[in-house]
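Everything on this sheet refers to the single structure shown next.
So you know, we letter chains A, B, ... as the sequences are listed, proteins then strands, and number each from 1.
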2 protein chains.
Amino acid sequence: MKEGPDIAQIGALIGDPARANMLSALMGGRALTATELAGAAGITLQTASSHLSKLEAGGLVGQRKQGRHRYFALLDDEVGLLLEGLMGFAASRGFLRARPGPKDPALRKARVCYNHLAGDFGVRMLDRMVADGHVAIDGDEASLTKSGEERMRQLGIDMDALHDQRRPVCRTCLDWSERRSHLAGSLGEALLSRFIDRGWARRSNESRAIHFTRAGERAFCDLFPLPEPLPAPLSHGE
Amino acid sequence: MKEGPDIAQIGALIGDPARANMLSALMGGRALTATELAGAAGITLQTASSHLSKLEAGGLVGQRKQGRHRYFALLDDEVGLLLEGLMGFAASRGFLRARPGPKDPALRKARVCYNHLAGDFGVRMLDRMVADGHVAIDGDEASLTKSGEERMRQLGIDMDALHDQRRPVCRTCLDWSERRSHLAGSLGEALLSRFIDRGWARRSNESRAIHFTRAGERAFCDLFPLPEPLPAPLSHGE
DNA sequence: TTCATACTTCGACGATAATCGAAGCATCGC
DNA sequence: GCGATGCTTCGATTATCGTCGAAGTATGAA
């Protein structure tokens, strides 16, 4: 037998639909209870408990007990990165699950991808930053420019703190609904936090969707106007 | 049910040990026949055929027919990237398969990780380049410096061609045997090719190992000396 | 043309793992 | 203390899927 990492174990953990659903739910970035995860996966609580135990043993999730509640979350950034990659890959191969009925516009418009903004708004934000010369894209690589650094500081982003972190400030993450990149990395996370702290947007309680307030959406669109005027108004999307 | 990428399908494809073994074998960067892959996975040819059909349908491998031989390879760079990430992740979670008996020194010393040099030599190379100021590491990000650019050109690397490519010139890839990064990206690939073209090293026919000739090893070690003198001579390792 | 080799397809078998009802334990609120 | 709620554990069931022997097709070499 071959020496090396046992990718089959990781694959098998993710390869069960119920477990995949739970991991996807946790990509919303919030800790969820076992009951909530069972609901997200459409299975009973006892089955969810069994699955979560496996995910925990495999180092994909961790739990925190609060009284009778068990809050599960992705164990660390590495898991988030791995799942991001898997999502982008699955989408690139055409493995997409379509909900019967109309597509979920809320998820497509704005949602959390582990810790940063994804969806139409996420892609729009990166596109704007690139068009303004704040972010430079070289192939799959993204880097913040000097002017971008300045701009982010104006927006109240603590750039010193971001530079102190081990991970990249800017990273591209393939958006499964838009099929283009949105901004990940420490800056991506900081920006989403900023929008939420400012009250522009809030997290949905039921899904990974990010709901912008009317004022917040206006502010966001002012900050990141579309690179080109489109005949269809963006705000038409409820 | 949730809308979004179906990561369970990808997970399940990789989650079977036989399929995982074949994918790992293909990380050696060479196209292999169905018979070779069956041998690598320790299964019969008919089982391998069935598995390869699934991997192909899933967009992970592609095949090229040459007479009666079917050569299978990873479908594209995206697959390589995904598997690299999975390998690093599996190793980080402790999912390692140990061969009964002594560890495989050849794989640990130098092997192919999809298209670039990995193992002790791979890590050593990156460390040297960092110590010489040719590659700058910022968290997980790697970039070639001006002096590094110059140095690579001196080594005969066509840097213009590398810059024309879509992917990063330098990328870190977590080495599962050394638990540190080796150099991936277009430069990582170009360097491995260079060593092989110069006759310093050759690919093993049986595994992902890279065998350096005596002269090639000397040249490699001259080019990338250890950052610090160690009491144990590196060349002691057969 | 014949034989050997590489590979695909079919179908039966059996091992595995997800599933859930039932039961039990821990915590919370009245 | 009691009932409700959140969660874990146990055990039986069953669907799924990997496996391989057998048979067939395609290619190469003598």
- Item | Separation of D/dA22 C1' from B/Gln46 CD (nearest whole Å) | 9 Å
- Hey, does the side chain of B/His69 come within less than 4.0 Å of D/dG28's phosphate (OP1/OP2), counting only N and O? no
- Task: Using a strict cut-off of less than 4.0 Å between a Lys/Arg side-chain nitrogen and an Asp/Glu carboxylate oxygen, indicate whether B/Arg108 and B/Asp175 qualify as a salt bridge.
- Result: no
- Query: Under 4.0 Å between a side-chain N or O of B/Ser53 and OP1 or OP2 of C/dT8?
  - Reply: no
- Task: Determine the contact category for B/Thr35: base if any of its heavy atoms lies under 4.0 Å from a base atom, sugar-phosphate if only primed atoms, P, OP1 or OP2 are that close, otherwise nothing.
- Result: sugar-phosphate
- Message: Check the phosphate of D/dG18 against B/Lys54, side-chain N and O only, distance under 4.0 Å to OP1 or OP2. Yes or no?
- Response: yes
- Message: Can you work out whether B/Thr47 or A/Ala12 has the more 5'-proximal nearest nucleotide on DNA chain C?
- Response: B/Thr47
- Between D/dG6 (C1') and A/Arg64 (CZ): distance, integer Å: 16 Å
- Would you indicate, yes or no, if C/dG29 has its OP1 or OP2 atom less than 4.0 angstrom from a side-chain nitrogen or oxygen of A/Arg68? no
- Item | Nucleotide C/dT16, atom P - distance to CD of A/Gln9 in whole Å | 14 Å
- Message: Given B/Phe121, which partner from the list B/Phe224, B/Phe195, B/Phe220 fulfils the ring pair (Phe, Tyr, Trp, His ring centres under 6.0 Å) test?
- Response: B/Phe220
- Message: Salt bridge check, A/Arg93 against B/Asp6: does any charged N sit closer than 4.0 Å to a carboxylate O?
- Response: no
- Atom CD of A/Gln66 and atom C1' of D/dC7: how far apart are they, to the nearest Å? 15 Å
- Message: Between B/Arg171 and B/Glu84 (salt bridge meaning N to carboxylate O under 4.0 Å), is one present in this structure?
- Response: yes
- Note on the structure: Ranking D/dG18, C/dC7, C/dT19 by distance to the side chain of B/Asp16, first place goes to D/dG18
- Message: Does D/dA26 have OP1 or OP2 under 4.0 Å away from a side-chain N or O of B/Arg70?
- Response: no
- Message: Check this one for me: any side-chain N or O of B/Ser49 less than 4.0 Å away from OP1 or OP2 of C/dC7?
- Response: no
- Item | A/Arg30 with A/Glu36: basic N within carboxylate O range, under 4.0 Å | no
- Message: Whole angstroms only, please: what is the NE2-C1' distance between A/His51 and D/dT9?
- Response: 15 Å
- Note on the structure: Rounded to whole Å, CG of B/Leu55 lies from C1' of C/dT8 at a distance of 16 Å
- Item | Below 4.0 Å: OP1/OP2 of D/dC20 and any side-chain N or O of B/Thr44 | yes
- Can you tell me how far P of C/dT16 sits from CG of A/Leu13, to the nearest Å? 17 Å
- Query: The side chain of B/Ile43 lies closest to which of these nucleotides: C/dT9, C/dT19, D/dT19?
  - Reply: D/dT19
- Query: Given D/dA26, is OP1 or OP2 found less than 4.0 Å from the side-chain N or O atoms of B/Lys65?
  - Reply: no
- Task: Return the value, rounded to whole Å, for the distance between atom CD of B/Glu56 and atom P of C/dC7.
- Result: 13 Å
- Query: Would a distance-only check, ignoring hydrogens and angles, find a side-chain to backbone donor-acceptor pair under 3.5 Å from B/Arg208 to B/Gly29?
  - Reply: no
- Nearest to side-chain heavy atoms of B/Leu45, which nucleotide of D/dT8, C/dC7, C/dT19: C/dC7
- Using the closest heavy atom to pick a nucleotide of DNA chain C for each, name whichever of A/Gly67 or A/Arg19 lands nearer the 5' end. A/Arg19
- Considering just the side-chain nitrogens and oxygens of B/Ser50, establish if one lies under 4.0 Å of OP1 or OP2 belonging to D/dG18. no
